[in-house]
Every structure is written in C-alpha cells, then in structure tokens.
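Presented below is the structure to which this report refers.
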Amino acid sequence: MEVKIRIGQKKSISGDWWKTDCLRNPFSYRGGTVTPSFVEIIRRHIKRSDFRPATKSELARELGIASHDRAEFRRALRQMEQAGELVCGKRSRYAPPSKFEGGKQWLLGTIFFPANEKRRHGFFRPDTDELERPELRHLEGDLFVPGRYTATAMHGDRVAVKLAKKPAPRWHRHVKGRRERIDEDNETLEAQVVEVVERANSRIVGTFQQHGRYAHLLPDHRSLPSVFNLEGALLGARNGDKVIGEFVSWDSPHLPPKSRIVEVIGRPDAPGVDILTVIHRYGLPLSFPEAVVREAEKLPDSVEDGEEIARREDWRDREVFTIDPEDAKDFDDAIFVHEFHPDEGGGWELAVHIADVSHYVAPGSALDKEAKKRGNSVYLADRVLPMLPEKLSNGLCSLKPDVDRLTHAVVMRFDGEARQTSARFVSAVIRSRRRYTYEEAIARLNLSHREIDHLEPEEASLGHHLKRAWELARRLRRKRFEAGALDLDFPEVRAVLDEKGRAVDVKRSEYDESHQLIEEFMLAANEAVARETKNAQVPSIYRVHEDPDPDKLYEFSFQAGGYGYQTGDVTIRAELQKVLRAIRGKPEEHSLKIALLKSLKRAAYSAEPLGHYGLAKLNYTHFTSPIRRYADLVVHRVLRRLVTTRAGGEAGPTPSQGRLAEIAKHISETERVAADAEQETQRMKLIEYLIRVSGEDRGRAFDGVVYDVRPIGAFVELTDLLIKGLIRKDDLPNDRYRFDSARNRLVASYGKFQLAVGHRVKVRVARVDRVRGFVDFVLV
C-alpha cells in the first residue's frame, strides 16, 4: 500500500511520528491515504524556538495545510484550546499556554504601564476566565507588578505571570499580629512576569534621533520604554523626523529593545504629519484592500432593481427627512412622524428608517470582513476613516434627498402619554424630502406655527412636521428622565481647519432640541429592536452599560462637594440626577460631567442583554448606524432573519452566541481605540489653535475653572475651549504656598490668597508641550 501525506508542509517535521499516530488512530487512515494528526503537527510547530503567535490562517499557511483539510485543522485548534494547550489572544492569534510551576498554572492577562512613570511599576489585569481561580476570588482591580519583575513586557502585552506575596515593610515586624493578618490579606499579592505570550505593539511611532553611529527611536506612547535601539537601514530619516518602527526583539530588561524603521512620516511641523502620526500610532487603516475596492465597484450606483423595490414597503410618497451635522456626508437615519386625530385614538406613529447596508454587504464577503476588522468609522479632526468604502458610505447607502434608497425601518405607535403600544419592522424604500442640518432644524423649531405658515408650501409642511416630531420627542425625553436616565450631554468644541489642516478657529456645538429630537427617536428604535431580539431569544449583540462601582460614585460625590454642591447618596439615581440639574449651565458643568463619566463603567458591546445604566433601559442595542458601526450591521441581519422566518420565508444564517461574543469583544476594543484617537486629534488641534491665538495676542486672557488641586499646582479647564492645563505652584504670585489636602486647595503662607476647586480664574498661556499635549497657564 502506498502511503501519502496530504499536507504540503513548508516546514519539515522530523521523524515518523505520524505513522505511529495512524496505527493508534484508525480514523486517520482514509482510503489508502494517511493523514497525520493535526494536533501533533500543531503541537510540534508551536514548540519551535522561532514560533510567533499566529492566526488560524497564518498557522495553516505556515504548515502548508491544504484547503480540503482546513475544517479538520480548525477542529484540532479548538480541541487544543479546550484542552489548554493553546491560548487565543488579541487579534485572534494563537500561542502556547502558560507553563506550570510546581503544579500551579501561571496566570494569563494583560500588563499596563502608567504613562510617564519610566517603567517603575506596572499593573496586571487577568483574563476574565482567570478571575474564577481561587487565589483571585477576592481580587478587586488590577495586580501590582513591581518594576524589577516586569521583565521585557511592554504596555498592552499579553503575558503570563506568577503570584507572590508582597514583602512586608520593615516596620511591620514591630507591630504585634501584623504578620498573621498580612498572610490573610489578598491585597498583599503582587504579580511577576514570567513570559511574554503576545506583543501588543508590533509597530512603534516616534521621533528619530541619531548620535554618531547610534540611532534611536523615541516612542510617542509614554507607556512604552523610553528608547528603542535602531538597526538596519534608516531610510533617509533625519534627526527629529516622525518615523514608524517595527519591533524586532527585546532580549534583556537591562538593555533597550530593538526595532527597525519601516516608514518615515516626515517633519513634525509639516502639514498633516501630526494627524498621520496619530493614525499610525493607533494602527488605523488609511486605505481599503484591493479586494474590497473591487467588490464595492461592482455595486450599482443607484437603486434601480424594480423587483427588489416591489417586495418592499413603499414610503416614497411620505414626508421622510433627515437631520445631521453640517459637515456630515453619510446620512444613515431618516424619520417620519404622524400625529393621529383624537377620533383615531390620538397619539403618534414614528417611523425610523435606517440605511439597509445589509442588503449590499453579504456576510463573509470582502466588504464584510473589512468592516468587521475595522469595527467602526473613525472621525478624526481632519478626516474620516470610514468603515465602508465611499461608494457605500457616501453613496448607495446614504439617505440623500430626492433619490431612492433602501432602508430597514422600525415603525412604532405611541399613545397620548408617549407610551409605546406597538412596533413593527419592515424592509422599505424611501425618497427623502429634505436634508436638515442641526442649525437649520433648530431655526425651524424656534419659529411659531404662524411664522412657518408664511414659508413656501413644502417648507411649511416640513416645518410643521418638525414641530410635531419635537412634541413627541419632548415627551419621550421627559419619560426617560423620569425613569432615571442621566443627563450626560454637554457642548462640544471642535477645531476648524483650513485647507492645509491648520487650526484657524473653533466651533462650539450646543446640545439643543434638534439634537435631542434625533437622539430620542434613535433611542426608541434601538430599544424596540433590542426588546424584539431579546424576547425572541435569538443570539444578537447588545449595547450594555453595567452598574457603577459605589466607591467610584463616592469619589465623584467628593469632587462635586469641592465645588460647593451638597450631595446625598449618589448610588441612588435620583441623587445623581439632582446634582446634574444643579450644575446645568454652570462653568464647572463640563468638568463635573467628565468626572461622573470617569466614575461610571464604560459602555460596551455584549452578546448578553445586560441593560444600560446611563439610559435607564433594560433593553438596548445599536441598530441605527450600520454605515459606521459593525454592531448595527450584525443586528440588522439578526432582525431581518427573525422577521423573515416568522413570515415563513428563508433567511441566511447569523452568527452563534459564542461567535457574537467574540465579535462584541472585538468591536468594543476598536471603539475604544477610535475614541482615543478622535479625542487626541481634537485636543491636538485645539492646542494648536490656542498657541496661534496666544501668539497673535500675547496678553490674551481666558476664563477658566479650577477642577483639581495637587501639590504641584492647580488644574484648570478653559470655559470656552474646554482645554485643560496646569497653573504650577512655582508660577503663582510671589509667596510660599502649602497644599491643603483636606480642603483640596493651595494656600498662601502670607495673606489670604488661595486656589481651590471651583474657583473661577483668568489665565493666559505660559508654555505648551505639543508632543505630550501639556499646557501651562499663569494667572492674569
């Protein structure tokens, strides 16, 4: 009998181990062809000294797995993962599990280093499943990692650690009974890194420096090691250039890590380089893969499929319209509101039409895979990095006026008290009548019905429609806050850029009735969809916001007290709402709302309907923005399958509960990355504007509010620009100052001068560190 191996291995595996395996396992003998055990192949491969964490596809390519064996190969991976022989880490990369020491398994998790601490210490966050370990049953927060035990781990790396008891301070030996108590205290545990399982930073963005023969990369990320030694070609980089380095190795914690330059971004003061630096630092994509572009190009330019239109509910004769920001290009939601006559029972019908992206983006397609990888669109200060190509995001799926567009709609009925009495979900076709900007919408809402009557007939009709819509939205908003929702909306300040990307002005956007109108209708649609999928018990994705930690809320209460506000038990929603009402319109409103947001848990995506604390909703999901959020696209598919199967039709499969949990975790992560990048570019441009206006008018003063006081000085937020900075103690008027921690203030040794939380001040710019984003102010 001829024996063959059906695997074209690129890396040889020595020995005849596969023959023995086949004799043991008759299932691996198939019609005269011997297939070696995939488990053993993978097991030997991951023990190689040059092995690096890899995805399923990368492992298959490295091992030369034939396409017809991929399913069996994936089963072997799952088997090894369940047996604990493999660990699936970030970016779905597999690596060997942690080893054993004395019969005790090491912990797996992620290590973080505080910025500007020069690696003096780190913090270890165990994986969720590791928290079930007995030794961690009382763990709250992260484990401390002393600097001498961080090894060669870098910020964000996935690591294996062992636990150890913190050494007791010398004075403990003199305290009776302390030694016995410390052994029972879980807080005395610390983590020590024993292995780096997976690197989080394969690319490092920073500044190039060369001294003679030696070249270095100084990372922008302040939690990374302060310097990387460069090897290989320098690609023409000059001192001070912004460059991208690729991580090579780090052999000893006593030596700098090594990297090589892969791209020179440019001079730091060149137009656009600042934003490009942020894009590369966060690993954001600048272009779409060729396969995605080709797939998008095959899509039609307009909605012309008569058969598809015929099977949908036709809303083209209805007065559907959109409200979006002035600079928006993708319009993914449109609304229609009808008020019923009292003879018809009164109340309203609200239709929320959402661009039907799922009609064009098929599961598993190149478009779908890229959208899932990106997770969401990213809105930077000078550009948008879309989740979908422009042909979809700004074209075929954008609900522009006067053109046919396919939508997935939620049609809800409300009674006279704005209680929802029914909801139905339909595939529709619309033709938007009008595109309002928020500024145009609020201008119409501020008109009386008599003033609207004097407009052109179509504008007058739409104006009355807006007033009708606001009446429903106003009642929905009131009911939401009566249920305990928190008012965490505040003005937004964005830099206005010229054609070269320079900050030339700022724009303040107030959260007025036009914004509130759209928000309430989107919330109602999201809630209706979440309730439908939850009650049907079908796997789906939900937007969740878990209850906060009471200790964090008490910290916020202390901060609010620093501004002179009396707070009760802030773990009770009514007390939090009372504080939010009290600060409304005050200079410190923004600072305190940010402080409250920091005390709450971060909203995320989950395959479990855990509810939303901030919105006071038991059922909530994201359905209304499939152009820019992958979660919404998934929920569209889930809802369509549910509706179609109920009607007796056939629909394609949707992901399982386990797969949805993986997707939810991934898109929660991409959302956080996008939010951090967006905030960084906006702050960067606002600081650029601050430098510009301060240079033009050196004596210019800005109004601000002190929001925190530390021994180093008083932290101030500018009232108009919402930029934070520091008044250093050394820059205060000639005197000696002491820090009063009990009252959170700086007090002059002579005289009555003091700076405390809540004080309103006038300041001017003293100095700016653009690289680190720090601003120092001095009192005027």
Side-chain angles (χ1 to χ4, degrees), residues 53-62 65 67-68 70-71 73-75 77-78 88-94 198 202-203 279 282-300 330 332 355-378 384-397 408 539-541 605 607 622-623 625-641 651-674 677:
T55 63
K56 292 177 184 177
S57 299
E58 290 168 346
L59 281 171
R61 285 196 298 271
E62 290 171 8
I65 306 298
S67 59
H68 52 269
R70 292 290 177 99
F73 176 74
R74 289 193 292 271
R75 282 195 294 273
L77 284 174
R78 285 197 296 271
C88 186
K90 288 186 177 180
R91 304 183 186 93
S92 299
R93 295 184 183 275
Y94 287 83
E198 183 183 358
S202 59
R203 290 198 163 193
I279 290 172
Y282 286 95
L284 302 174
L286 278 166
S287 59
F288 287 96
E290 190 60 36
V292 175
V293 174
R294 285 197 304 268
E295 207 168 84
E297 287 174 348
K298 292 178 182 178
L299 294 171
D330 53 338
D332 49 14
D356 193 355
V357 177
S358 62
H359 178 75
Y360 301 103
V361 180
S365 64
L367 281 165
D368 180 58
K369 290 176 181 176
E370 183 66 16
K372 179 167 60 179
K373 179 182 176 183
R374 296 182 178 219
N376 42 258
S377 297
V378 186
V384 177
L385 303 177
M387 185 182 78
L388 296 167
E390 188 174 353
K391 186 166 186 177
L392 282 165
S393 59
N394 293 355
L396 196 55
C397 292
H408 203 173
S540 187
I541 286 181
Y605 294 105
H622 272 170
F623 171 82
S625 295
I627 288 177
R628 61 186 180 90
R629 293 189 303 230
Y630 190 73
D632 304 56
L633 180 55
V634 172
V635 172
H636 273 235
R637 291 169 178 162
V638 170
L639 183 63
R640 171 156 289 128
R641 183 168 188 262
T654 53
S656 64
Q657 183 83 359
R659 183 67 186 123
L660 286 173
E662 293 175 9
I663 293 172
K665 181 180 178 182
H666 168 68
I667 59 181
S668 295
E669 198 170 292
T670 60
E671 180 189 52
R672 285 192 291 271
V673 170

Locate the shortest heavy-atom distance separating Gln657 from Ser540; write the atom from each residue and the value. OE1-N, 4.5 Å
May I ask you to test the Leu392-Ile627 pair for a side-chain heavy-atom distance under 4.5 Å? no
Compare every heavy atom of Arg640 with every heavy atom of Ser358, then report the nearest pair and how far apart it is. OG-NH1, 2.8 Å
Are Glu297 and Arg294 close enough for a salt bridge, meaning some N to O gap below 4.0 Å? no
Taking all non-hydrogen atoms of both residues into account, name the closest pair between Ile663 and Pro655 and its distance. CD1-CG, 4.3 Å
Minimum heavy-atom distance between Ala677 and Leu284, given as atom pair plus value: CB-CD1, 3.9 Å
Among residues at least two apart in sequence or on other chains, which ones pass salt bridge (Lys or Arg N to Asp or Glu O under 4.0 Å) with Arg628? none
State which residues pass ring pair (Phe, Tyr, Trp, His ring centres under 6.0 Å) with His636; sequence neighbours excluded, sorted by chain then number. His408, Phe623
Taking atom NZ of Lys369 as the centre, does the number of heavy atoms from other residues, nucleotides or ligands within less than 6.0 Å exceed 12? no
Hey, what do you get for CD1 (Ile667) to CE (Met387), rounding to the nearest 0.5 Å? 9.5 Å
Pairing residues for Ala296 by the side chain to side chain contact (heavy atoms under 4.5 Å, CB included) criterion, not counting sequence neighbours: Leu367, Pro389
OH-OG1 distance between Tyr605 and Thr670, expressed to the nearest 0.5 angstrom: 8.0 Å
dist Cys397:SG -> Leu388:CG (nearest 0.5 Å) comes out at 7.0 Å
Please list, chain by chain and in numerical order, all residues satisfying ring pair (Phe, Tyr, Trp, His ring centres under 6.0 Å) with Tyr630, sequence neighbours excluded. none
Across all chains, not counting sequence neighbours, the side chain to side chain contact (heavy atoms under 4.5 Å, CB included) partners of Arg672 are Arg602, Ser668, Glu669
Between the side chains of Ser393 and Asp330, is a donor N or O closer than 3.5 angstrom to an acceptor N or O? no
Mind listing the closest non-hydrogen atom pair of Glu62 and Ala54 along with its distance? OE2-CB, 4.0 Å
Distance check, rounded to the nearest 0.5 Å: Glu671 atom CD versus Arg629 atom CZ? 8.0 Å
Sub-4.5 Å side-chain heavy-atom contact between Glu295 and Tyr360: no
Any side-chain heavy-atom pair of Asp332 and Val357 under 4.5 Å: no
Does this structure show an ion pair linking Asp368 with Arg637, if we count only N-O contacts that are shorter than 4.0 Å? yes
Stepwise, does the side-chain contact (heavy atoms from CB on, under 4.5 Å) test hold for Val635 with His622? CA-CA 7 Å; Val635 172; His622 272 170; 6.0 Å; no
In Å and rounded to the nearest 0.5 Å, what is the CG to CG distance from Leu633 to Asn376? 12.5 Å
Residues in salt bridge (Lys or Arg N to Asp or Glu O under 4.0 Å) with Lys372, at least two apart? none
Between the CZ atom in Phe73 and the CZ atom in Arg78, the distance rounded to the nearest 0.5 Å is 11.5 Å
Sub-4.5 Å side-chain heavy-atom contact between Val378 and Val384: no
For the residue pair Ala631 and Ile541, what are the closest heavy atoms and their distance? CB-CG2, 4.3 Å
